[in-house]
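Atoms within each ligand, like the ligands themselves, are counted from 1 in listed order.
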Amino acid sequence: MGEKLKVGLLGFGTIGTGVIRLLTRKGIGISRWVELVKVADIDLERPREVELDSSMLTADAESVVKDPGIDVIIELIGGIEAAKKYVEMALELGKDVITANKYLISHYGDELFERAQKSGARLLFEASVAGGVPIIKILREELACDRILSINAVLNGTCNYILTRMEQCPGMSCQQAVKEAQAKGFAEADPTLDVSGMDSAQKLSILIRKAFRTRILPDKIDLQGITALSNVDVQSALEMGYRIKLLARASREGDKLTAWVGPALIPADSIMAQVKNEFNAIMINSEAHHEHTYIGKGAGMMPTAGAVVGDLYTLVNHRNIPTVFAEEQIDLPLLERTEVKCRFYLRLMVKDQPGVLARVSSALAARNISIASVIQKETEEDPKKEVPLVIITHEAAVGAVDEAVRVINKEPVVMDPTHIIRIMDVL
Ligand code: HSE
């Protein structure tokens with residue numbers, strides 16, 4: 001066996017701790033081939049869950065990147081500025097880089113791969129999407145020669161946990177479920193990136209780049225978060241045989257691509273609907289492999305650390321890892337958001353009085369949107385109080401539904417903005 005690969009780790013936080021744990025396990029695994037040489041973090045004092053020889057620890061990340069004795073840099077700093085600076089520096093020096101940084105890869109992946117190509121370095125980023133699910137490897141290797149038709153995925157564990165709890169606890173609001181998720185350590189102190197859907201959009205952007213060889217930056221992905229969902233939506237969906245998931249979807253529509261992230265009603269008996277709590281799932285439909293689904297923990301110390309160390313193993317064992325983000329650039333154009341079609345769930349809060357349904361249905365009919373069913377429960381409370389009215393439509397275009405809802409929301413009997421959720425009967 002030749003020399004061990006020398007590793008420098010930037011970022012000794014939660015994931016860094018997990019990586020060190022895996023790299024310093026005795027007897028098994030990767031320590032036969034790699035050696036952790038240096039660890040950089042701005043905080044040298046904080047107690048950690050793993051022991052590390054203090055001579056290995058430094059606050060000077062640049063010295064680790066530039067250390068001629070280090071072959072591979074693992075970037076777990078997170079954020080963008082420092083992470084980008086050190087990853088660029090390492091790639092320019094011809095050092096292989098492993099990162100878990102979804103922001104960095106989704107926004108700057110192409111630039112970074114260009115740098116890597118120039119210096120002959122390799123860049124791996126398995127941990128940036130769905131932590132414990134090795135989906136990037138599957139796209140890079142198993143599916144490299146297949147033609148992918150669609151990806152449907154649950155890519156955010158925090159939102160999946162929140163939606164699971166809202167389903168299990170009738171009456172629980174999204175905000176209450178967020179608090180519970182924070183108390184249990186599933187949600188960040190500031191969960192905005194998760195509940196807004198942006199975390200999922202960044203991950204979907206990376207999957208699209210690999211799967212469809214098309215570059216769609218996260219802010220070009222049609223995005224709807226989960227904060228406007230009420231428990232009524234979650235329970236009504238259940239009664240109708242659906243579950244609501246924060247879905248990340250990309251699919252070929254002729255010679256175009258659709259890409260969106262948003263809550264969606266999916267059949268309660270589908271595989272994806274069984275994926276609960278903080279789990280992630282990625283369902284791929286491709287010409288050769290047909291439908292296949294991968295499920296696992298998308299976040300947390302050890303699943304994410306496992307993905308990072310899996311990349312190290314790839315560096316050790318595979319000579320010919322592609323040095324490009326995607327094999328070839330195809331650039332499928334995005335189908336206009338307004339042209340995307342599906343069935344819709346509309347939830348209105350209306351006054352329970354004569355003529356309401358007629359007004360709402362005429363706004364839909366005027367845009368050629370056909371109603372499939374209507375649910376309004378009788379209320380024993382004050383009849384003057386607003387009540388939820390749920391309308392399921394037949395297939396319609398997003399643009400037409402948006403327009404109809406703009407009109408509906410102006411009706412004096414409609415008390416709150418109508419909530420629009422997509423229905424995906426077939427994933
Ligand atoms: N916050 C993410 C989630 C994990 O809840 O899935 C990191 O991408």
Side-chain angles (χ1 to χ4, degrees), residues 11 13-19 74-80 83 98-109 124-136 151-166 174-175 177-210 218-219 221 223-227 229 244-249 261-264 272 275-283 294-311:
T14 307
I15 314 301
T17 300
V19 169
I74 299 179
E75 183 278 306
L76 300 175
I77 304 171
I80 192 64
I98 294 171
T99 179
N101 194 321
K102 56 188 175 269
Y103 188 101
L104 183 68
I105 295 295
S106 61
H107 288 85
Y108 300 105
L124 293 170
F125 52 93
E126 184 64 68
S128 65
V129 181
V133 184
I135 191 65
I136 302 298
I151 296 177
N152 286 284
V154 169
L155 294 173
N156 187 271
T158 304
C159 290
N160 208 38
Y161 178 83
I162 291 166
L163 293 172
T164 304
R165 291 300 289 149
M166 287 173 75
C174 181
Q175 288 66 28
V178 169
K179 285 211 174 81
E180 191 187 288
Q182 284 168 328
K184 294 211 164 161
F186 292 129
E188 304 280 345
D190 178 3
T192 312
L193 202 61
D194 297 297
V195 296
S196 67
M198 186 41 91
D199 172 86
S200 299
Q202 289 173 359
K203 293 167 181 169
L204 183 63
S205 158
I206 297 173
L207 292 180
I208 289 172
R209 191 71 183 88
K210 290 298 296 171
D219 57 9
I221 293 175
L223 189 64
Q224 190 186 349
I226 62 164
T227 46
L229 282 180
I244 298 184
K245 294 286 173 196
L246 180 67
L247 202 67
R249 178 176 162 86
V261 169
M272 196 73 89
V275 178
K276 295 190 181 163
N277 296 316
E278 75 275 28
F279 279 79
N280 283 192
I282 299 156
M283 174 188 273
Y294 306 90
I295 298 172
K297 287 197 178 169
M301 180 196 285
M302 294 319 291
T304 314
V308 169
V309 175
D311 273 349

Engineer: Check each atom of ligand 1 against the heavy atoms of Lys203 and keep those under 4.0 Å away; list them by number with element.
Structural biologist: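 Near Lys203, the atoms of ligand 1 are 2 (C), 4 (C), 6 (O), 7 (C), 8 (O).
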Engineer: For the CD1 atom of Ile136 and the CZ atom of Phe125, what is their distance to the nearest 0.5 Å?
Structural biologist: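 The CZ atom of Phe125 is 5.0 Å from CD1 of Ile136, to the nearest 0.5 Å.
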Engineer: Considering non-hydrogen atoms of the protein only, which is the closest contact for atom 7 (C) of ligand 1, and what is the distance?
Structural biologist: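 The protein heavy atom lying closest is Lys102 NZ, 3.6 Å.
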Engineer: Heavy atoms only, cut-off 4.0 Å: how does Asp199 contact ligand 1, side chain, backbone, both, or neither?
Structural biologist: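 For Asp199, the contact with ligand 1 is made by the side chain alone.
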Engineer: Is there a heavy atom in Glu278 that sits closer than 4.0 Å to ligand 1?
Structural biologist: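 In this structure, Glu278 fails to qualify as a contact of ligand 1 - no heavy atom is under 4.0 Å.
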Engineer: Consider ligand 1: state whether an atom of it lies below 4.0 angstrom from any non-hydrogen atom of Glu188.
Structural biologist: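 So Glu188 does not count as touching ligand 1.
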Engineer: Between Ser205 and Ile221, is there a side-chain heavy-atom distance shorter than 4.5 Å?
Structural biologist: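 With C-beta onward as the side chain, the pair touches.
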Engineer: Which residue holds the protein heavy atom closest to atom 6 (O) of ligand 1, what is that atom called, and what is the gap in Å?
Structural biologist: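 Checked against all protein heavy atoms, atom 6 (O) of ligand 1 sits closest to Gly157 N, 2.7 Å.
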Engineer: Please determine, by modelled atom types, if Asn101 and Thr99 share a side-chain donor-acceptor pair under 3.5 angstrom.
Structural biologist: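 On atom types as modelled, these side chains do not qualify, holding no pair under 3.5 Å.
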Engineer: Between Ser106 and Gln202, is there a side-chain donor-acceptor contact under 3.5 Å, judged purely by atom types and distance?
Structural biologist: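 Gln202 vs Ser106: no donor-acceptor pair found between side chains.
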Engineer: Counting non-hydrogen protein atoms only, what is the nearest one to atom 4 (C) of ligand 1? Give residue, atom name and distance.
Structural biologist: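 Heavy-atom neighbour on the protein nearest atom 4 (C) of ligand 1: Ala299 CB, 3.5 Å.
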Engineer: Provide, to 0.1 Å, the distance between atom 5 (O) of ligand 1 and the closest protein heavy atom, together with that atom's residue and name.
Structural biologist: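 Answer, as residue, atom name and distance: Thr158 OG1, 2.5 Å.
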Engineer: Roughly how far apart are Ile162 CD1 and Asn277 CG, rounded to 0.5 Å?
Structural biologist: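 The CG atom of Asn277 is 11.5 Å from CD1 of Ile162, to the nearest 0.5 Å.
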Engineer: Name the closest protein heavy atom to atom 1 (N) of ligand 1, giving the residue it belongs to and the distance to 0.1 Å.
Structural biologist: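 Nearest neighbour among protein heavy atoms for atom 1 (N) of ligand 1, to 0.1 Å: Asp194 OD1, 2.8 Å.
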Engineer: Just jot down the ligand 1 atoms closer than 4.0 angstrom to any heavy atom of Asn156, in number order.
Structural biologist: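 Once the distances to Asn156 are compared, the set is 2 (C), 3 (C), 5 (O), 6 (O).
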Engineer: Count the heavy atoms of every other residue, nucleotide or ligand shown that sit under 6.0 Å from CD of Glu180, and state whether that count exceeds 12.
Structural biologist: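 Counting other residues, nucleotides and ligands, CD of Glu180 exceeds 12 neighbours.
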Engineer: If we ignore angles and hydrogens, is there a donor and acceptor under 3.5 Å between the side chains of Lys276 and Asn160?
Structural biologist: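 There is no such pair between these side chains.
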